[in-house]
Amino acid sequence: MRAAQTARAEPAREVLTAEIFTDEGDCSVTSSSERAVAGVWIGPAARDRGIDGLGEALTGLIARARDEVRRLAEDRARAGLPDQVAATIDNAGEDAARAGEATGRILDGISKANEALQRKAGRA
């Protein structure tokens, strides 16, 4: 009762939910930002899958539903960001790859310069 009477320090966060169906539509999994598996629906036609087939179908649906919740969360987070910040986050992978390639070229140049210095030092 006391917890219900006290004001919350922060507003309740929005729960993100994704429901994914099999291609056949015979079963579905609902996942949310609060629960990995928030709900499961198994239709009568799913009996034809057998135990192993149903297990595989549900496992795949859970993975797809969790991916969808993750995507929804990322989209929601990006929606509140200025365009420049969102673009920076979106391009971070490519920027890191370019930086890695540039670092590799610099290290190759340093290595070649070092080898040249070693050869010259050996002749002197």
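Note that the structure is predicted; figures quoted are calculated from it, not measured.
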Which heavy atom of V69 sits nearest to which heavy atom of A18, and what is that distance? CG2-CB, 3.8 Å

Looking at T103 and A99, would you say the former's side chain and the latter's main chain have a donor-acceptor pair under 3.5 Å? yes

Is I106 isolated, or which residues cluster with it under the ILVMFWY side-chain rule of less than 4.5 Å, directly or via members? I110

Contacts of type side chain to side chain contact (heavy atoms under 4.5 Å, CB included), residue D95, not counting sequence neighbours: N91, R98

Can you tell me if L107 has over 12 outside heavy atoms packed within less than 6.0 Å of its CG? yes

Less than 3.5 Å apart, which donor and acceptor atoms pair up between the side chains of residues 53-64 and the rest of the protein, not counting sequence neighbours?
residue: T59; atom: OG1; partner: G55; partner atom: O; Å: 2.8
residue: R64; atom: NH2; partner: F21; partner atom: O; Å: 3.4

Name all residues meeting the salt bridge (charged side-chain N to carboxylate O under 4.0 Å, His left out) criterion together with D75; count only those two or more places apart in sequence or in a different chain, and write none if there are none. R71

Distance-only donor-acceptor pairs under 3.5 Å for side chains of residues 23-40, two or more places apart:
residue: E24; atom: OE1; partner: R49; partner atom: NH2; Å: 2.7
residue: D26; atom: OD1; partner: T22; partner atom: OG1; Å: 2.7
residue: D26; atom: OD1; partner: R49; partner atom: NE; Å: 3.4
residue: D26; atom: OD1; partner: R49; partner atom: NH2; Å: 3.1
residue: D26; atom: OD2; partner: R49; partner atom: NE; Å: 2.7
residue: D26; atom: OD2; partner: R49; partner atom: NH2; Å: 3.4
residue: S28; atom: OG; partner: E19; partner atom: OE2; Å: 3.4
residue: S31; atom: OG; partner: A36; partner atom: O; Å: 2.6
residue: S31; atom: OG; partner: R66; partner atom: NH1; Å: 2.8
residue: S32; atom: OG; partner: E34; partner atom: N; Å: 3.2
residue: S32; atom: OG; partner: R35; partner atom: N; Å: 3.0
residue: S33; atom: OG; partner: L16; partner atom: N; Å: 3.0

Taking atom CG of L72 and atom CG of D67, what is their separation to the nearest 0.5 Å? 11.0 Å

Return the set of residues passing side chain to side chain donor-acceptor pair (under 3.5 Å) with R70 (not counting sequence neighbours), or none when no residue passes. E74

